[in-house]
Structure formats: C-alpha cells, structure tokens
Amino acid sequence: MLLRLHDRTRRGVRLAAKHLVPLVRRWDQFTAWFNARGFDENTILVVFAVAVGIAGAAGVIVFFKLIDLAYFLLYRWPVSHFSWLSFPVYRPLLTAIGFAIAAWIGRRFAGGEEGPNVPYVQLAVAKRNGNLPAKAGLAHATASAVTLGSGGSAGSEGPVVVLGSTLASWLGRAFRFDAERVKVLVGAGAAAGISATFNAPIAGAFFALEEILGSLAVGAFPAVVVSSVVAAVVSRSVFGNHPSFPIPAYGYALWRELLLFYPLLGVVGGLVGVTFVRTQRFAGTLVRRSRIRPTVLPWIGGAIVGTMVLASSGILVGYGHVALRPQIFGQLGVAALAALAAGKIVATAITLNSGASGGLFTPSLYLGVATGGAFGVAISKLFPGLGLHPEAYALVGMGTMVAAATHAPITAILLVFEMTNDYAITIPLMISVTLGYVIARRIESDSLYSLWLTRRGERLEHGAARDLLSELKVGTAYDRFPDTIPEWTPLPTLLEYLGRSDQLSFPVVAGERELVGMVSTADIGRLAVEQDALEPLILAADVASATETVSPDDSLLEATHRMGVRGVPALPVVERDTRQLLGLVTRGHILAVYERALAGEVVTGNLAETGDEGRS
C-alpha cells in the first residue's frame with residue numbers, strides 16, 4: 001500500500017512539473033519581451049510602485065488582523081470559556097506561550113532570524129541585492145503578530161516593513177529586474193508599510209530613504225513617494241483618515257520653552273535613547289552568555305514580560321494592534337511615567353532577546369511619550385504659573401526618542417508632524433530632535449537597528465556594507481582620465497562644458513595638473529543664466545570651489561564620508577603630498593566596485609579604466 005501511495009505521489013509530481021514547465025517558459029518569454037521594450041526607467045518604477053503601494057497596504061491590513069486574531073485566541077477566548085482561570089496567573093502564562101510560538105516560527109521558517117525586522121531588510125538591500133525570500137518574510141510577520149497579540153513589548157512597523165519589502169522583492173525578481181531596480185522597489189515596499197501603519201505618507205517615504213536605502217537618492221525618490229502615497233490612500237479606506245494614534249494638537253506659548261525647556265528635553269531624550277540602545281546590547285550579551293536553552297528562553301522571557309504588563313494594568317503594551325494611547329500619559333504623574341519609561345526599556349529588551357519578534361519603532365514612540373510626558377509634568381509643576389502643556393512635551397518626546405534611538409531624525413520630525421498636523425509644534429520638535437540625535441550619536445555610535453547588525457558582524461554605511469567599503473581602496477575605482485578645466489579658461493569657453501559629456505563635476509587645474517578646485521554643471525548653469533551681468537574676464541579659477549580630496553590609498557568608506565561632508569557626487573583624487581590631480585572618483589565608481597566585490601570578484605587594478613564605471 002505504501003508503495004502504491006509512493007508511486008501515485010511520484011506520478012502527481014511529474015504531472016505537475018509537466019504543466020508547470022511550459023508556464024515558466026511562457027513567463028520567461030514574457031519578461032524577456034517586457035524588459036526588451038526599452039521603457040523609460042522612471043515610468044517602470046512608478047508603475048510598479050503603485051502595485052507595491054497597494055500590496056504593502058493590503059499586507060498591513062492583514063497583519064493587523066493577525067495581531068487581533070492572536071490577541072483574541074490568547075486572551076479573550078480563554079477568559080470567556082475558562083472563568084475558573086485566575087487572571088494574575090493567566091497573563092504571564094499566555095504571554096510565555098505566545099513567545100514560545102513566535103520563537104518556533106522564527107526557527108522553523110525564518111532561519112532563526114528573530115528580533116527586530118528592519119535590519120533584516122537593510123542587510124538584504126546592502127548585501128543581497130534586495131533579495132528577500134517570501135517564506136522568511138511571511139514567517140517574520142506571523143511571528144511578530146503572535147508576539148504582539150500575546151502582549152509582547154515590540155512594534156508593528158518592523159513586520160510591515162518586512163511584508164511590504166518582501167512583496168516588492170518578489171515582484172521585482174519575478175519580472176527579472178536588475179539588482180538596482182529591485183532595491184528601489186524594496187525601499188518602496190518599506191515606505192508603503194510605514195505609511196499605511198501610521199497614516200503618514202511623507203514620513204514613510206523618508207523612513208525608506210533614510211533607513212532602508214541609506215540615502216536620499218534622486219533616482220529612488222519618485223517610486224518611494226508614489227508607493228507611500230498609494231499605501232496611505234488604501235489604508236485610509238479601511239482605517240479612516242486619521243493617525244494610528246489619535247493625538248490632540250498642542251503648541252508652545254513662551255520663548256523660554258523654545259530657548260530652555262525644549263532643548264533640555266532634547267538632552268534628556270538623547271540620554272534616554274542611548275540607555276535604550278545599551279540596554280538592548282546588554283540583554284543580548286546576557287542571553288548569549290547564559291546557558292539557557294533556546295527552547296526554554298521564550299518561556300522565561302514571556303513570563304517576565306507578562307508579569308510586567310500585568311503590573312502596569314496593560315498600559316505597558318496596549319491591547320491588540322493598538323499599542324499606544326498618548327492621551328493616557330497626560331493623566332499620570334512623574335513617578336508613574338518614569339516607571340513606564342524604564343519598564344518599556346526592560347520589557348522591549350527582554351521581548352526581542354528571548355526569541356520573540358517585532359519592531360523597535362513603536363517602542364521608541366512609547367518611550368518618547370513617557371519620557372517627554374514625565375519631563376513636561378515636572379516642568380509644569382516647577383513653573384505652575386506658565387500654563388505649560390505636558391502633552392506637548394510628550395509629543396515632542398516621541399520624535400526626539402525616535403531620532404536618538406534609531407538615528408532617523410528626518411523621519412522623526414515628519415512622523416510627529418503628520419500625526420499631529422500642528423504647525424506650531426514644528427519648531428520645538430526640530431530643536432529637540434536635532435539635539436537628541438546629535439547627543440545620542442556622540443555618545444553611542446550604534447542605533448537600535450545597527451546594533452542588531454553589529455552582533456552579526458555587519459556594518460552598513462549609507463546602505464552598503466561598511467566593512468567591505470573600508471577594505472576597498474580608491475585606487476581601484478577612480479577615473480584616471482576625467483574631463484578637466486584649465487584655470488585660465490574664460491567664461492565663454494567655460495560655458496561650452498555644459499552638456500559636453502555626462503560628467504557632472506570638473507576639476508579645475510593649473511600648470512602640471514595641480515588641483516585648484518571643482519566646478520559643477522550646476523555652477524556652469526548659473527553662470528550661463530547670469531552671464532550678461534558678469535565680467536567677461538572671469539576665468540575658471542574665479543568660480544572654482546574648494547573641495548575635499550582623496551588619495552588612491554584611502555578607503556572607499558573614507559571617500560563616501562568625505563562626499564557626505566560636502567554633499568557632492570564626486571571627489572578629485574590627488575597625490576597626498578603634491579595635490580597633483582590623478583583622477584576623479586564618483587558615487588557611480590564606488591557602487592560599481594562595491595557590487596563586484598559583493599558578488600565575490602577579486603577587485604584589482606582600476607575598474608574605471610575598464611569602462612565599467614558610472615559617471616558622476
């Protein structure tokens with residue numbers, strides 16, 4: 001009988017393969033035809049961004065339903081059917097069961113990649129050409145839904161970022177797109193997830209650019225923005241046109257708030273953000289050094305977190321997919337808010353280091369509300385005659401904590417602004433966020449996301465592998481024969497360089513190729529507009545700008561840093577001692593060498609001489 005069953009199975013597999021192979025061939029033929037049409041790159045990205053936005057929003061809707069389902073199965077249903085079960089025992093036990101299930105899903109289907117989800121996508125973009133396996137992505141989302149539904153202290157933004165990015169990655173690979181196009185779509189998927197979750201399309205777009213793609217690249221901007229907006233429109237049709245957290249608007253009234261209180265909140269927020277990051281690191285180190293079996297650890301972690309949530313009457317995590325009710329924080333005292341902030345730090349560290357899964361963005365928002373609220377209540381009691389609003393400090397604290405803990409200041413400012421729609425809060429928000437971010441970066445180089453990568457021996461810089469960039473040298477990447485402009489070139493001749501080639505930056509040289517400065521096509525364009533009002537005797541040396549330089553033995557990581565200092569797409573390569581121009585290195589050159597090294601090629605010689613480089 002077993003033999004007959006085996007034969008039937010083999011015949012079924014052969015039959016399925018017989019019908020599947022022609023379908024695969026037809027799909028390959030279609031994608032080859034599609035990719036050979038020569039459609040405009042922006043058109044393709046925008047069209048697919050619409051599809052990604054719709055899919056990302058649908059993923060968020062399904063994910064929230066999964067959280068609510070897990071909450072129903074683990075809490076509401078048992079309470080209604082087993083009234084004899086005492087609640088104080090029930091909550092820690094069921095949270096432990098939820099953690100154990102989430103950890104099992106992570107081990108079984110996601111390759112053991114539990115914990116925060118956003119770094120998983122960052123790593124895929126930096127080192128795997130945007131390749132996110134569908135099985136692992138769905139497992140991440142399911143494990144996170146169980147974690148959140150069982151009362152774990154984690155966020156929903158990480159799983160929805162994984163969901164949106166996974167769907168986008170699958171779509172890009174299904175159409176046989178190249179790696180760069182897939183990466184842009186993955187960023188668009190991440191933006192869709194954040195946008196649909198928080199009803200914040202602008203913040204969603206900048207989150208993807210800041211955290212996932214690692215740069216504000218012009219080429220990625222249209223697709224990311226379109227996907228984010230489409231996702232917001234779809235989610236609003238289901239959840240309504242309001243923020244994920246209904247927040248009243250508060251402003252500021254006094255100059256001393258801007259000059260003293262909000263800057264002080266930035267300092268406090270930066271220090272608490274560093275504490276949050278270092279507590280995560282300490283918890284991870286403690287777990288790795290412990291001898292507790294991985295199958296037992298979720299039970300212990302779940303029981304501890306469940307007990308903490310029980311002690312807070314549920315305020316520490318919320319209920320179902322509604323994780324944060326900021327209006328509650330305006331009704332609590334300083335001691336209670338400080339206790340909630342400390343509890344959130346500890347509970348999140350235990351949750352994400354005991355085998356459960358989830359994001360870190362929402363816990364950062366929660367911690368910011370508690371910290372800012374405690375600060376606001378304390379200040380209002382010290383200065384009762386000023387009529388201060390502690391709630392306003394709680395809202396600004398949200399943005400400050402996100403910037404300090406995740407190193408995403410632009411996203412932090414835009415998110416809080418979109419959640420409040422209050423222009424009056426923008427100035428104090430920018431002051432506090434900037435100070436909190438600067439202080440946190442000064443004290444702690446890692447963010448909550450980069451910490452997860454550092455544990456695994458990964459260092460990313462602007463969406464690329466930091467360690468790999470530090471090993472590669474400028475000498476392998478720069479163009480030895482760029483177009484240059486002699487310093488004595490008069491204005492009429494200088495204008496002829498506009499549109500001469502696809503080079504966007506020109507070294508200005510004197511004598512034997514001694515570097516004088518740089519002139520960009522933007523500079524030349526301004527000269528063309530203003531030439532009637534300029535002196536005809538203006539020379540190239542008069543308009544050349546000072547610039548950072550690199551030498552052939554500098555690392556590509558150092559070149560990337562120096563480009564960031566000036567905000568330029570290219571740097572002149574010079575002899576270290578003489579400043580004699582040797583060539584020009586662009587972001588395109590760095591990317592080309594990086595991708596070859598990432599693919600396992602041994603990069604020797606000078607890539608730019610082979611014609612594989614990209615112009616600046």
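Atoms considered below: every heavy atom in the structure, side chains included; atoms not considered: hydrogens, waters and symmetry mates.
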Using a distance-only test with no angle check, is there a side-chain donor-acceptor pair under 3.5 angstrom linking [X] and [Y]?
X    : Y    : answer
S447 : T406 : no
S357 : T147 : no
N353 : Q280 : yes

For the atom pair [atom1] ([X]) and [atom2] ([Y]), what is the distance rounded to the nearest 0.5 Å?
X    : Y    : atom1 : atom2 : result
F276 : L367 : CZ    : CG    : 6.0 Å
L429 : T400 : CG    : OG1   : 6.5 Å
L132 : W170 : CG    : CH2   : 14.0 Å
I54  : S235 : CD1   : OG    : 12.5 Å

(request) Starting from the C-alpha separation in whole Å, work towards a yes-or-no answer on side chain to side chain contact (heavy atoms under 4.5 Å, CB included) for N199 and E418. (result) CA-CA 8 Å; N199 190 20; E418 286 191 279; over 6 Å; no
(request) Enumerate the residue pairs fulfilling ring pair (Phe, Tyr, Trp, His ring centres under 6.0 Å) with a member in residues 338-364, sequence neighbours excluded, ordered by first and then second residue. (result)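 Residue pairs with at least one partner in residues 338-364: F198-F361, F207-F361.
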(request) Could you label the plane-to-plane angle of the Y437 and H407 rings as parallel, tilted or perpendicular, counting under 30° as parallel and over 60° as perpendicular? (result)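 Y437 vs H407 ring planes: perpendicular.
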(request) Go through the steps for V60 and L163 under the test side chain to side chain contact (heavy atoms under 4.5 Å, CB included), then give the verdict. (result) CA-CA 8 Å; V60 170; L163 263 180; over 6 Å; no
(request) Check the pair S364, L448 against side chain to side chain contact (heavy atoms under 4.5 Å, CB included), reporting the backbone distance first and the verdict last. (result) CA-CA 10 Å; S364 298; L448 290 172; 3.5 Å; yes
(request) Evaluate side chain to side chain contact (heavy atoms under 4.5 Å, CB included) for L271 paired with I443, printing each intermediate quantity in order. (result) CA-CA 8 Å; L271 295 175; I443 299 174; 3.7 Å; yes
